[in-house]
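Letters go in sequence order (proteins before strands), and every chain restarts at 1.
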Amino acid sequence: MEMEKLVSLCRRRGFIFQSSEIYGGINGFWDYGPLGVELKRNIKEAWWHDMVVAPPLGPDGEEIHIVGVDCAIIMNPKVWEASGHVAGFADPMRKCSGCGHFVRADQLWQILATSSRWVDSLTQEFTPITESIDSPKLLSWAKNKGKKLAPNLALVRNPEATLGSIATRVKGQADARLELKDILRYLATENPDATGLQDPCPICGGPLGEAAPFKLMFESYVGVEQSKENKVYLRPETAQGIFVNFKNVLDSSRLKLPFGIAQIGKAFRNEVNPRNYTFRSREFEQMELEFFCHPDESAKWYEFWRDVRIKWYAELGLRSDKLRPREQSAEERAHYSVGTTDIEYLFPFSDEPQELEGVAHRSDYDLRQHQEHSGKDLSYFDDELWQKADKSQFADKKAEQEAKSKPPYRFLPHVIEPSAGADRFTLAVLCEAYTEDAIPDEKGVPQPRVVMKFHPRLAPIKAAILPLVNKDGMPEKAQALYRELKPHFNVFYDDKGAVGRRYRRQDEAGTPFCITIDGQTLQDDTVTIRDRDTTEQRRLPMAAVLQEIQKHLRPGS
RNA sequence: GCGGGUGUAGCUCAAUGGUAGAGCAUCGGUCUUCCAAACCGAGUACGAGGGUUCGAUUCCCUUCACCCGCUCCA
């Protein structure tokens, strides 16, 4: 399936529009239309229901307790210092004046040494490159391979001047062994007297500009004065709102470990390059659970939530051959994580599966960070264990107090975080649902059809009520049924045009059931119910329609 | 951010330095007995800004958006 077809359908039927489209749009922002908002709401509600209202039983068959919060998008900026986002999200980047490429300043020399094509080529021909400066050979490299691989390198642009300046400079220190770094800087500089030694771009060899912070968090100001003190950030993830409220929730809800706190909400990241429709947006919605547990049990809960989450996607219709869990390697994991599994989906726009959700074992990293930065105690006291403890082992009150303040009685819980992207799952559901097939017309000739095969729980419209023709009392019967169903779920009434056309319209909207009122309805109050995917029809009493449809909307169905 | 490509009606696509067309879709009407029927009628477009020109949708510049590749993706 090509993405353009899906994008076109989403626009045509009102699933997704470009934000501020009449002004030419804005890169990385999207609006959900009438059908899209229902789809995404159903996704969020399914998540909330299946995670918060009625979570599955735990690994030992025990009940799991999860509560929700809804935190402000703008928080005290210290939150983002504690979480590491201010540092991590403002990496100094250097821009190449040749090709415009950005490179992280702190990784430049590592990238040059290991993954720059032109440096590779250079080091292969001059092994070891640091032994000597072989001018004729460098000149020949510059005129051949260099021309293709590093067009903006000083050595390539202006070999004579560059080699000349190297000769002068290096002469004075003939015995000094030059590091690769020094060589590359010489090769990148035409006129060191004017510019000083320059750092080359790993892509094209052009000179890099000064390092400047590249802000990945959106900034704003609280209050009218745009001063440094008033600077705030739009949250880049919802998780931190949960961590900083850990104590509040604990103190107000009588929860005991293990338990979870869930949140669905918007988050913002100033992505370098939003791409692939809504997949990488600058404003997006997350569905996050922070599950707090005893450190000794964290591995068990990590595996539990990972498996629960994979199953959830499969149940809501993502095909297992396109869905895959991928355990991150130790090098790939964030520094706080003891284990992370990405749940990935094979989108049509990519050859590689892309992340829908990350299930991360965050250990006690976040609570510890906030405890240190805020100076507030965020530890958990295991009252139950303390009650059971043999107090006679303590010499005096002081020893008792001492014991109470330490593990196993008092400790920082570990956290398992299943963090899902609502927009990404919505996109995956749209991709998965999009189907082209053919169904026979009145003459039996197969006609192409586009049908969105949503799981009934997620479908924006659950049923359409269609009078076969607009006469003989059929519209009245149909209206009565429409009014009966409407309070329970989204129903659509359509009496325009031929019935076949109306079926096709509902197919594109992904409506799982079409109820048709025909001549027989007038005689015995039965109607036909058409299955979207098979187009087969069954006849059933009008009075049984509500229950029949509801049967398919129940969680787990 | 760079390189390449694309911007004309809701969609798919024409034509043109001088009044912008079609098919499908949409809406209204006639009709109606199960999978985009027929007929009649209607509305809707040159992404934005600037320049050249008597006149620009067409040529030039800038910009914005989208697609592909590179890059980025705590």
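rU26(B) and rA65(B) are spaced 26 Å apart, taking the C1' atom of each and rounding to whole Å. Across rC64(B) and rG23(B), the matching C1' atoms stand 30 Å from one another, rounded to whole Å. Rounded to whole Å, the separation between the C1' atoms of rC46(B) and rU16(B) comes to 11 Å. Rounded to whole Å, the separation between the C1' atoms of rC35(B) and rU30(B) comes to 22 Å. Atom name P, nucleotides rG51(B) and rG55(B): the rounded distance is 11 Å, in whole Å. Taking the P atom of each, rU58(B) and rG50(B) are spaced 13 Å apart, rounded to whole Å. Taking the P atom of each, rG3(B) and rG10(B) are spaced 32 Å apart, rounded to whole Å. For the C1' atoms, the distance linking rU57(B) with rA45(B) amounts to 10 Å, nearest Å.
With both pairing distances under 3.5 Å, rU52(B) is matched to nothing as a Watson-Crick or G-U wobble pair. Of the nucleotides present, none pairs with rC46(B) by Watson-Crick or G-U wobble criteria with both distances under 3.5 Å. Nucleotide rC39(B): paired with rG29(B) (Watson-Crick or G-U wobble, both distances less than 3.5 Å). Pairing partner, rC11(B): rG23(B), with both Watson-Crick or wobble hydrogen-bond distances short of 3.5 Å. Searching all strands for a Watson-Crick or G-U wobble partner of rU6(B) with both distances below 3.5 Å returns rA65(B). Shown here, rC70(B) forms a base pair with rG1(B); the pair counts as Watson-Crick or G-U wobble because both key distances fall under 3.5 Å.
Remark: C1' of rG10(B) and CD1 of Ile16(A) are 17 Å apart, rounded to the nearest angstrom. One can place CD of Glu21(A) at 11 Å from P of rC66(B), the figure rounded to the nearest angstrom. For the pair Asp31(A) CG and rC66(B) C1', the interatomic distance rounds to 16 Å; values are reported in whole Å. Protein atom NZ of Lys471(A) is 8 Å distant from nucleotide atom C1' of rU33(B), rounded to whole Å. Phe513(A) places its CZ atom 21 Å from the P atom of rC35(B), with the value rounded to the nearest Å. Spacing between atom CZ of Arg539(A) and atom P of rC34(B) amounts to 12 Å, rounded to whole angstrom units. One can place CZ of Phe279(A) at 13 Å from P of rC68(B), the figure rounded to the nearest angstrom. Rounded to an integer number of Å, the gap from CG of Asn276(A) to C1' of rC70(B) is 14 Å.
The base of rC34(B) is paired with the side chain of Tyr503(A) by a donor and an acceptor separated by under 3.5 Å. For rC67(B), the base has no donor-acceptor partner in the side chain of Arg275(A) [N/O atoms by modelled type, under 3.5 angstrom].
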Per-nucleotide protein contact along nucleotides 36-41 of chain B, 5' to 3', at a 4.0 Å heavy-atom cut-off (B base, S sugar-phosphate only, - neither), is BB----
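Relative orientation of the Phe218(A) and Phe268(A) rings is perpendicular, given thresholds of 30° and 60° on the angle between their planes.
For rC66(B), the OP1/OP2 oxygens have a side-chain nitrogen or oxygen of Asn27(A) closer than 4.0 Å.
Base contact: Asp472(A) has a heavy atom under 4.0 Å from a base atom.
For the pair Asn470(A) and Arg11(A), both in contact range of RNA chain B, the more 5′-proximal nearest nucleotide belongs to Arg11(A). Judged by closest nucleotide on RNA chain B, Leu468(A) is the one of Leu468(A) and Phe29(A) placed further toward the 5' end.
Of the charged side-chain nitrogens involved, at least one lies within less than 4.0 Å of a carboxylate oxygen, so that Arg12(A) and Glu508(A) count as a salt-bridged pair. Under 4.0 Å is where a charged nitrogen must lie from a carboxylate oxygen, and between Glu436(A) and Arg449(A) no such pair does. A salt bridge links Glu285(A) to Lys44(A): one of the charged nitrogens lies within less than 4.0 Å of a carboxylate oxygen. A salt bridge does not link Asp423(A) to Lys266(A): none of the charged side-chain nitrogens sits closer than 4.0 Å to a carboxylate oxygen.
Side chain of Gln18(A), nearest nucleotide from rC66(B), rU32(B), rC11(B): rC66(B).
Between Pro418(A) and the choices Trp305(A), Trp47(A), Tyr302(A), the side chain to side chain contact (heavy atoms under 4.5 Å, CB included) rule is met once, by Trp305(A).
Tyr503(A) carries Arg530(A) over the face of its six-membered ring, with the cationic atom under 6.0 Å from the centre and within 45° of the normal. Tyr313(A) carries Arg309(A) over the face of its six-membered ring, with the cationic atom under 6.0 Å from the centre and within 45° of the normal.
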**Request:** Just do the ring pair (Phe, Tyr, Trp, His ring centres under 6.0 Å) check on Phe17(A) and Trp30(A) with the steps written out, would you?
**Result:** CA-CA 6 Å; Phe17(A) 307 120; Trp30(A) 301 91; over 10 Å; no
